[in-house]
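To start, the structure itself, in structure tokens.
The sequence lines fix the lettering, A, B, ..., with proteins before strands; numbering per chain opens at 1.
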Amino acid sequence: MKFEDLPKAYEPKEHEEEIYRIWENSGFFNPDALPNSDKRKPFSLMMAPPNVTGHIHVGHAMENTMSDVLVRLKRMQGFKPLFLPGKDHAGIAGQHVVEKELKKEGKSRTAIGREKFVERVWDWMDQYGSDIDQELKRLGLSVDWSRKRFTMDEGYQKAVEEVFIHYHKKGYIYRGKRVVNWCTRCQTTISDLEVEYKEEKGNFYEIKYGPLTIGTVRPETKLGDTALAVHPDDERYKEYHNKEIEIESVDNTIPRNQPPKKAKINLIVIPDEEADPGFGTGVIKVTPAHSMADFEIYERHPEVPVTKIIDEFGKMNENAGARYQGLKVNEAREQIVKDLDELGLLIKTEEYDHSVSHCERCGAIIEPLLSNQWYVSMKELAGAATKAIKKDKIEFIPPTRKKVMLDWIDNIRDWNISRQLWWGHRIPAWHCACTEPEWHISHTKPDTPCKKCKKTWKQTEDVLDTWFSSGLWTFVTLGWPDKTEDLETFYPTALISSAREIFFLWIFRMIFSGIEFMGEPPFKVIYTHPTILDSQGKKMSKSKGNVVDPMKLIDEVGIDATRFGLVWQVMSTQDIQWSLGGFRTGKKFLNKLWNSWRFIYGQLGDGEYTLERPKVTLDHTKKIIAEYDETTGTVNNMLEKLEFGAALHELYDFYWHHFCDIFLEGAKKDDSDETRQTLIYVFAGCLKQLHPFIPFITEYIWSLVPLQKKTLLIVEEV
RNA sequence: GGGCGAUUAGCUCAGUUGGCUAGAGCGCUUCGUUUACACCGAAGAUGUCGCAGGUUCGAGUCCUGCAUCGCCCACCA
């Protein structure tokens with residue numbers, strides 16, 4: 001046997017597909033199919049389900065590679081690991097892709113109607129929904145495909161309804177009329193956490209309000225003013241407390257084609273701490289229907305009226321008066337500034353940078369406006385989460401995240417869970433036709449019509465916030481609400497690995513849902529991994545065009561080198577500045593591994609070897625065995641602490657600089673049995689240790705190593 | 001505005017509880033076609049460890065202040 005029989009270079013593309021197929025066919029991704037499966041200790045990990053509409057980006061690739069390293073290690077350590085894959089239906093984003101498609105065909109969502117639209121979304125899923133699966137396979141992830149879930153699959157939908165009904169029974173669900181973030185394009189409310197603020201140039205206007213002066217960047221909301229607020233201790237305005245003052249304003253009944261006229265209106269001046277005496281004039285105009293802060297003032301002073309002047313499309317409505325009705329918000333702004341100026345009510349205009357809220361999904365401007373929505377009361381649920389966290393039922397990595405979570409929960413508000421979308425989980429709530437409709441919460445439509453209006457019940461059009469369903473991911477994926485064996489075995493999971501971005505949106509919601517429905521937190525460890533920034537150290541984003549496609553990397557260097565490069569950089573939970581160094585190092589390392597194998601192959605001679613630990617007597621064999629033992633010990637400790645990069649560095653250094661540079665070189669001059677047995681022992685050990693990181697090449701070489709009684713490397717014991 | 005973190009070789013980063021003559025990978029210089037690998041080997045150069053103070057026998061490591069950068073959160077009427 002000669003090393004020349006093996007090609008000089010390892011070609012990843014020639015083996016990757018084949019090896020993944022072998023793994024899949026072996027069934028070993030499924031923990032139940034592992035040898036001695038019932039004696040193994042479970043180790044479970046849920047993949048953060050990517051949006052079905054998206055593609056895998058480098059962040060996903062890194063996150064899932066690290067998870068896979070852990071899962072593969074645990075599998076080899078004799079655990080029963082479940083790495084469960086799946087996808088999220090991605091409410092707004094899902095609706096968006098199909099809307100765009102329709103637009104290309106000259107159709108629209110509203111034109112084809114809800115039923116047809118939802119059908120189209122499912123069609124889209126059939127066509128493109130599996131793209132992500134293919135990408136995950138191309139990362140070499142050892143996930144159990146037989147257990148893969150989708151947040152809109154049948155069982156999941158049932159579970160989501162169950163949860164809603166459960167919350168309702170406990171009295172947590174209610175309908176509330178509040179100011180919400182309204183996307184004027186998506187036509188739905190969105191969460192605070194999905195609002196993106198962008199600094200924009202604008203103007204700061206000072207406007208005469210009777211005896212007072214007020215500053216604002218949104219003068220058009222003047223039409224919805226129902227009060228003024230001053231700080232209770234502000235001496236300047238004490239005389240006005242709780243008094244109505246008469247102010248001159250624009251007569252909004254005069255049509256636009258006529259010159260503006262003045263009109264007199266009365267506004268009450270209320271004392272409220274929200275007003276900052278140090279900012280501007282210290283007086284706030286209160287527009288409760290179109291500002292969160294103002295709405296909160298209204299809640300403290302319910303005597304203040306609420307007037308809605310902007311509609312769902314971002315246009316002024318009838319309450320804005322004939323002069324402004326129908327204008328878009330920014331047009332109305334121009335108009336009213338002009339009018340106020342002509343009437344001598346505009347004191348001054350200054351340039352002013354302020355942050356404007358945009359929809360994270362579509363980029364359109366968010367209008368805060370008054371709306372009727374469904375809420376979940378967070379008091380009890382958040383309380384339970386806080387308690388568990390304070391009792392250290394969950395470990396945070398890095399530990400600083402614990403306080404961040406607790407602080408956030410401390411200031412939590414009730415959760416607006418309804419969205420005015422068509423793609424998502426329908427809310428199991430039914431209403432009658434009465435003017436003050438009655439609500440019925442149940443899986444199916446109530447049998448008997450409403451007693452008052454005698455009309456049949458209709459299901460609410462709203463769907464649930466995507467995070468309502470993804471918050472249930474850790475246990476619905478295991479079969480909840482049924483009492484399944486999977487739940488028994490795999491809940492709670494060992495850890496959750498996630499980006500900082502969704503720490504509150506997702507992680508928090510999984511915590512309280514897990515506690516509420518399963519009685520204990522859904523994971524023992526929350527690992528907040530680093531974010532990959534671009535080569536300039538800036539966050540990657542589609543709009544900046546600085547995102548890196550991991551699939552292209554795989555095309556270039558192969559799966560193993562890609563995985564190597566991703567993990568190589570994770571030295572802490574500190575963010576990572578993108579660079580190609582690690583991928584090059586990875587590629588070179590694979591070459592080294594391959595060629596050292598070719599050399600060893602040539603050294604071995606004929607015959608089959610065993611994996612017995614050699615009894616070492618020579619200096620160089622003793623040394624390499626000692627170093628090998630130390631390295632494996634260190635590496636396993638590091639992985640236990642989720643120090644992925646450091647573990648890989650350790651292995652790299654040992655393999656290259658100790659095993660190859662020193663031991664292998666020395667072995668050239670020594671063909672004793674002891675040296676040969678040490679060679680094969682340490683080499684095979686390294687293949688095992690390296691397998692979680694670079695599974696393909698190691699599995700392939702393993703298939704060539706002349707060892708007795710070997711199975712696939714993926715289930716070898718380490 | 002609040003929180004967290006970073007700042008070490010040309011570049012990307014290690015450097016655990018203070019003991020460093022400060023390391024790795026890439027790049028660079030010189031040499032080497034030795035029974036795997038030139039995607040290699042051997043040898044080597046390169047740093048006032050962001051700035052200013054302080055604690056200490058001793059500080060890249062601890063403390064204070066400053067500067068720059070980044071991420072997260074909140075948001076200004």
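Evaluation of the salt bridge (Lys or Arg N to Asp or Glu O under 4.0 Å) test over residues 648-660 of chain A, restricted to residues two or more places apart or in two chains, returns none. The stretch residues 558-581 of chain A participates, sequence neighbours left out, in these salt bridge (Lys or Arg N to Asp or Glu O under 4.0 Å) pairs: A/Asp68-A/Arg563, A/Arg500-A/Asp575. Sorted by first and then second residue, the salt bridge (Lys or Arg N to Asp or Glu O under 4.0 Å) pairs involving residues 291-302 of chain A (not counting sequence neighbours) are A/Asp272-A/Arg300, A/Glu296-A/Arg413. Residue pairs satisfying the ring pair (Phe, Tyr, Trp, His ring centres under 6.0 Å) criterion with at least one member in residues 632-651 of chain A, sequence neighbours excluded, are listed as follows: A/Trp568-A/His649.
A/Glu665 comes within 4.0 angstrom of a nucleotide base, judged by non-hydrogen atoms across all strands. A/Leu533 comes within contact range of the sugar-phosphate backbone alone, with a heavy-atom separation under 4.0 Å but no base atom that close.
The nearest heavy atom of RNA chain B to A/Gln569 and to A/Asn595 marks one nucleotide each, and the one closer to the 5' end goes with A/Gln569. Mapped onto RNA chain B by nearest heavy atom, A/Asp661 and A/Lys668 fall at different nucleotides, with A/Lys668 at the one closer to the 5' end.
We find that CD of A/Glu650 is positioned 13 Å from C1' of B/G23, with the value rounded to whole Å. At whole-Å resolution of the value, CE in A/Met571 and C1' in B/C13 are 8 Å apart. The nearest whole Å value for the distance from the CZ atom in A/Phe583 to the P atom in B/C13 is 13 Å. Counting to the nearest Å, the P atom of B/G2 and the NZ atom of A/Lys403 are 14 Å from each other.
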task = Quick one: do A/Glu11 and A/Lys13 satisfy salt bridge (Lys or Arg N to Asp or Glu O under 4.0 Å)? Show the steps, please.
result = CA-CA 6 Å; A/Glu11 284 300 333; A/Lys13 281 189 190 62; over 6 Å; no

task = Begin from the C-alpha positions of A/Phe583 and A/Trp578 and carry the test ring-ring contact (aromatic ring centres under 6.0 Å, His included) through to its verdict.
result = CA-CA 11 Å; A/Phe583 301 94; A/Trp578 183 254; 5.2 Å; yes

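Between A/Asn595 and A/Arg598, the side chains place a donor N or O and an acceptor N or O closer than 3.5 Å (distance only, hydrogens not considered).
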Pull out every protein N or O sitting under 3.5 Å from an N or O of nucleotides 5-7 of chain B, one pair per line with the distance.
| from | atom 1 | to | atom 2 | distance (Å) |
| --- | --- | --- | --- | --- |
| B/G5 | O2' | A/Gln574 | OE1 | 2.3 |
| B/G5 | O2' | A/Gln574 | NE2 | 2.9 |

Each nucleotide N or O in nucleotides 24-28 of chain B that has a protein N or O under 3.5 Å away: list the pair and distance.
| from | atom 1 | to | atom 2 | distance (Å) |
| --- | --- | --- | --- | --- |
| B/G25 | OP1 | A/His657 | NE2 | 3.4 |
| B/G25 | O2' | A/Thr585 | OG1 | 2.7 |
| B/C26 | OP1 | A/Lys588 | NZ | 2.7 |
| B/C26 | O2' | A/Arg584 | NH1 | 3.4 |

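In this pair, A/His658 and A/Phe654 present their aromatic rings parallel. The plane angle is below 30°, not in the 30 to 60° band.
A search for salt bridge (Lys or Arg N to Asp or Glu O under 4.0 Å) contacts involving A/Lys668 returns A/Glu665, not counting sequence neighbours. Partners of A/Ala385 according to the side chain to side chain contact (heavy atoms under 4.5 Å, CB included) rule, which considers only residues two or more places apart in sequence or in another chain, are A/Ile409, A/Phe508, A/Ile511, A/Phe512. The side chain to side chain contact (heavy atoms under 4.5 Å, CB included) test applied to A/Asn637 returns no partner, not counting sequence neighbours. With sequence neighbours excluded, the residues forming a side chain to side chain contact (heavy atoms under 4.5 Å, CB included) with A/Asn203 are A/Tyr205, A/Thr349, A/Glu351, listed by chain and number.
With both ends at atom P, the span from B/G18 to B/G70 equals 32 Å, rounded to whole Å.
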query = What string of B, S and - do you get for nucleotides 72-77 of chain B, 5' to 3', when a contact is any protein heavy atom under 4.0 Å?
reply = SS-BSB

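For the pair A/Lys588 and A/Phe564, the cation-pi test (distance below 6.0 Å, angle within 45°) is failed.
A sub-4.0 Å separation between OP1 or OP2 of B/C37 and a side-chain N or O of A/Lys8 is present. For B/C40, neither phosphate oxygen OP1 nor OP2 lies less than 4.0 angstrom from any side-chain nitrogen or oxygen of A/Lys592.
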ask   = How would RNA chain B look in dot-bracket form, 5' to 3', counting Watson-Crick and G-U wobble pairs with both distances under 3.5 Å and writing | for bases paired to another strand?
value = (((((((..((((.....[...)))).(((((.......))))).....(((((..]....))))))))))))....

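You won't find any donor-acceptor pair under 3.5 Å spanning the side chain of A/Lys587 and the base of B/C39, going by distance alone.
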